[in-house]
Structures are given as structure tokens and as C-alpha cells.
Undergrad: 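So that we are looking at the same thing, I have put the structure below in C-alpha cells.
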Amino acid sequence: MTTNFLDGRVIVAVGDITEQDTHAIVNAANSTLLGGGGVDDAIHGKGGRAIYDECLKIRQTVYPGGLPTGKAVITPGGDLKARFVIHTVGPVYGMNGGRDAELLADCYFNSLALAAEKNLRSVAFPSISTGAFHYPKHEAARISSRAINDFLDLDDIVSEVRLVFFSESDARMFLKHQNFIAGPKTA
Ligand code: APR
């Protein structure tokens, strides 16, 4: 099942983020950048040591104190189909002094801005923060779709944003609560 929005620039699908053949996939990382569970574990596990080594370099240079919530960095994709991994740290729900929505939106906007800066045309996202970081899926749907919509209004480099949900029910929840301006067209 796939559904698209914004004249096909956004595609909603069910699948495994590590299997996506977009130019970049986005990792739901934590501030250490050195791996964890869920998406993070899957990407590092399948992408291999090259990703970890590059993340370590970023920690030793640009972000010695860790990647702040909402920011994004890019590494090679290692053994993944995707050429690059964009690592972003989502907000832990309820732990950001009322800035959860702003920080979640930053994850999507900053990841897309980084992709455009590197001239990458296609980016796949997992559902940032809706797992171990406990962001309610219906709230995350509204925020992520708004942030993506706002970015795509300003950009003409990124031609495909693929939103990859790990289950049909997660995808349905997103479709129910998304806030894209143009209506859905289900293929
Ligand atoms: N492909 C696509 N989606 C996935 C996959 C996968 N392989 N694995 C998990 N998901 C989904 C989860 O079901 C959830 O909806 O991705 C969403 C994000 O879940 P998490 O990976 O737990 O990410 P997050 O909630 O942002 O928490 C990040 O968890 O894994 C650790 O190191 C990570 O500390 C960080 C924290």
C-alpha cells in the first residue's frame, strides 16, 4: 500500500527503512550517535562499521558533547542500499520544556535541508521519536507532515520524501492525522 501527497513528492509506505533505495535514509538516532535500539540498531547493523566510524569522527570533532535534539548530520551509507544516512535526534516526548513539537519539526526540516544541501533528490524517513522516545503517533503525524510540507514549499531539489512505517497500523494512523495541504492520492 502506498499513498502519495503533494503531486507525488511525498510517498507514504510500509516497510523497513534499511531496505530503502533512496539517496539517503534518515536514522532515528540518539545524541551519542554511536547506536542504540530500533531504527538506530537496524541501520548500524546493516550499514556496518563505516557508519559507526564516521559518527565517531563527528563526535570527536563537530559535536564532542553529542548531537543536540533536532539537529542532523550525514554519513556514508556503508553497506546499505542508500548512499547516505542522515542522523537526527528526535525529542523524548515530554522532556523538552514544552518544545517537543518544535524539536520534532526541526528533525524533519533539518534532515531535508541537509539532503538538499548535498543535492540528494530522494530521502526516506522512519517515524522519528514514535518508538522508544514515546512521541504519540497522531501528534507526530501532524507535526512531521507540516514540517515536510513547509520545507517542500521552499525547495526544488528534493523530489521524493518517502515516509516508511513499520506496520500498516502505523501508516493508517499517519494517514488519518497527516496535515499535508494537498489531498492524498492512494495508488
Ligand atoms: N524500519 C522502519 N521503521 C522502524 C524500524 C525499521 N527497521 N524499526 C523500528 N521502526 C519504527 C518504530 O516502530 C517507531 O515507530 O520507527 C519508529 C521510531 O522508533 P525508534 O527506533 O525507537 O526511534 P525513536 O522513538 O526516535 O527513539 C530513538 O531509540 O533506538 C533508540 O538509539 C535510539 O536512543 C534512540 C531512541
Side-chain angles (χ1 to χ4, degrees), residues 1-3 10-49 51-52 54-56 58-59 63 65-75 77-82 84-96 99-112 122-145 147-148 160-178:
M1 174 272 278
T2 62
T3 302
V10 175
I11 295 167
V12 175
V14 178
D16 181 336
I17 191 74
T18 64
E19 288 303 315
Q20 303 308 310
D21 58 358
T22 43
H23 287 164
I25 62 170
V26 176
N27 181 21
N30 59 55
S31 60
T32 70
L33 284 178
L34 302 178
V39 165
D40 204 2
D41 183 46
I43 287 175
H44 278 278
K46 209 171 267 186
R49 185 79 202 193
I51 298 177
Y52 179 88
E54 202 57 37
C55 285
L56 192 56
I58 292 170
R59 282 295 317 278
Y63 287 109
L67 184 64
T69 300
K71 300 291 185 198
V73 292
I74 191 165
T75 67
D79 301 327
L80 291 165
K81 292 175 185 165
F84 297 95
V85 178
I86 293 172
H87 306 261
T88 191
V89 179
V92 180
Y93 190 66
M95 305 292 281
N96 299 279
R99 296 181 60 226
D100 292 341
E102 173 198 334
L103 290 166
L104 185 61
D106 284 350
C107 287
Y108 285 89
F109 200 95
N110 290 334
S111 296
L112 287 169
S122 56
V123 184
F125 284 92
S127 180
I128 307 283
S129 280
T130 63
F133 283 0
H134 306 298
Y135 216 109
K137 297 180 195 289
H138 64 288
E139 286 181 37
R142 206 175 52 251
I143 293 154
S144 59
S145 55
I148 293 164
E160 180 186 341
V161 177
R162 200 182 293 175
L163 304 180
V164 181
F165 293 91
F166 215 30
S167 67
E168 288 281 350
S169 62
D170 284 355
R172 273 198 303 276
M173 173 72 89
F174 177 84
L175 292 173
K176 184 166 176 231
H177 295 279
Q178 55 75 22

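All ligand and atom numbering here is 1-based and tracks the order in the structure. In this chain, numbering begins with 1 at the start of the sequence shown. Atoms considered below: every heavy atom in the structure, side chains included; atoms not considered: hydrogens, waters and symmetry mates.
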Undergrad: Can you tell me if Gly15 has a non-hydrogen atom under 4.0 Å from ligand 1?
TA: yes
Undergrad: Nearest to atom 10 (N) of ligand 1, what protein heavy atom do you find, and at what distance?
TA: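 Answer, as residue, atom name and distance: Val39 CG2, 3.6 Å.
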Undergrad: Give the numbers and elements of all ligand 1 atoms closer than 4.0 Å to a heavy atom of Ala28.
TA: 23 (O), 26 (O), 28 (C), 33 (C)
Undergrad: Taking distance alone, with no angle check, do Gly37 and ligand 1 share an N/O pair under 3.5 Å?
TA: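 N/O-N/O distance under 3.5 Å: yes.
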Undergrad: So if I count the atoms of ligand 1 from 1 in the order they appear, which ones are less than 4.0 Å from some heavy atom of Ser129?
TA: 24 (P), 25 (O), 26 (O)
Undergrad: Among all protein heavy atoms in this structure, tell me which lies nearest to atom 29 (O) of ligand 1, with the distance rounded to 0.1 Å.
TA: Ala132 CB, 3.4 Å
Undergrad: Listing request: all salt bridge (Lys or Arg N to Asp or Glu O under 4.0 Å) pairs with a residue in residues 85-94, at least two apart in sequence or in separate chains.
TA: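 Listed by first then second residue: nothing to list.
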Undergrad: Measure the distance from atom 25 (O) of ligand 1 to every protein heavy atom, then report the residue, atom name and distance (to 0.1 Å) of the closest one.
TA: Gly131 N, 2.7 Å
Undergrad: What is the closest protein heavy atom to atom 13 (O) of ligand 1, and at what distance does it sit?
TA: Phe166 CB, 3.9 Å
Undergrad: Distance-only, no hydrogens or angles: does the Ser111 side chain make a donor-acceptor pair with backbone N or O of Tyr108 under 3.5 Å?
TA: no
Undergrad: Flag Ile128 as yes when one of its N or O atoms lies below 3.5 Å from any N or O atom of ligand 1, and as no otherwise.
TA: no
Undergrad: Please round to the nearest 0.5 Å and tell me the distance separating atom CD1 of Ile11 and atom CD of Gln20.
TA: 10.0 Å
Undergrad: Could you state the interatomic distance from OG (Ser145) to CD1 (Ile148), rounded to the nearest 0.5 Å?
TA: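 So the gap between those two atoms works out to 7.0 Å.
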Undergrad: Would you say Thr18 has any N or O atom under 3.5 Å from an N or O of ligand 1, going by distance alone?
TA: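 In fact, backbone or side chain, Thr18 has no N or O that close.
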Undergrad: Are any of the side-chain heavy atoms of Thr88 and Ile128 separated by less than 4.5 Å?
TA: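 Thr88 vs Ile128: side chains touch.
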Undergrad: Identify, by atom number and element, the atoms of ligand 1 in contact range of Asp16, meaning under 4.0 Å from any of its heavy atoms.
TA: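 Counting atoms of ligand 1 from 1, those under 4.0 Å from Asp16 are 1 (N), 6 (C), 7 (N).
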Undergrad: Answer with yes or no whether the side chains of Asn110 and Asp106 bring together a donor and an acceptor at under 3.5 Å.
TA: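 No donor-acceptor contact under 3.5 Å links the two side chains.
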Undergrad: When only distance counts, is Phe133 in polar contact with ligand 1, meaning an N/O pair under 3.5 Å?
TA: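 Yes: some nitrogen or oxygen of Phe133 is under 3.5 Å from one in ligand 1.
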Undergrad: Below 4.0 angstrom from a heavy atom of Lys137, which ligand 1 atoms are there? Numbered from 1 as shown, please.
TA: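 Answer for ligand 1: 15 (O).
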Undergrad: Which atoms from ligand 1 have a heavy atom of Ser127 less than 4.0 Å away?
TA: 17 (C), 18 (C)
Undergrad: Mind telling me whether His44 and His87 have parallel, tilted or perpendicular rings, with 30° and 60° as the class edges?
TA: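 The arrangement is tilted - the two ring planes meet at 30° to 60°.
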Undergrad: If I take atom CZ from residue Arg59 and atom OG from residue Ser31, how far apart are they, to the nearest 0.5 angstrom?
TA: 7.0 Å
Undergrad: For Asn30, counting its heavy atoms only, list the atoms of ligand 1 lying under 4.0 Å from any of them.
TA: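 Within the 4.0 Å cut-off of Asn30, ligand 1 contributes 32 (O), 33 (C), 34 (O), 35 (C).
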Undergrad: Counting each atom of ligand 1 from 1 as listed, which ones have a heavy atom of Thr130 under 4.0 Å away?
TA: 14 (C), 15 (O), 17 (C), 25 (O)
Undergrad: Please round to the nearest 0.5 Å and tell me the distance separating atom CG of Leu175 and atom CD of Glu168.
TA: 9.5 Å
Undergrad: Evaluate Val164 for polar contact with ligand 1, using N/O atom pairs at a separation under 3.5 Å.
TA: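 Such a contact does not occur with ligand 1.
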Undergrad: Do any pairs count as a salt bridge (Lys or Arg N to Asp or Glu O under 4.0 Å) and have a residue in residues 17-42, sequence neighbours left out, and if so which ones?
TA: Glu19-Lys46, Glu19-Lys81, Asp21-Arg162
Undergrad: Identify the protein heavy atom lying closest to atom 1 (N) of ligand 1, giving its residue, its atom name and the separation to 0.1 Å.
TA: Ile17 N, 2.9 Å
Undergrad: Which of the atoms of ligand 1 are close to Asp40, meaning less than 4.0 Å from one of its heavy atoms?
TA: 30 (O), 32 (O), 33 (C)
Undergrad: Could you state the interatomic distance from CD1 (Ile25) to CG (Leu80), rounded to the nearest 0.5 Å?
TA: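 That separation rounds to 4.5 Å.
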Undergrad: Is the centre of the Tyr93 ring less than 6.0 Å from the centre of the Tyr135 ring?
TA: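 Yes, they do, as the ring centres are separated by less than 6.0 Å.
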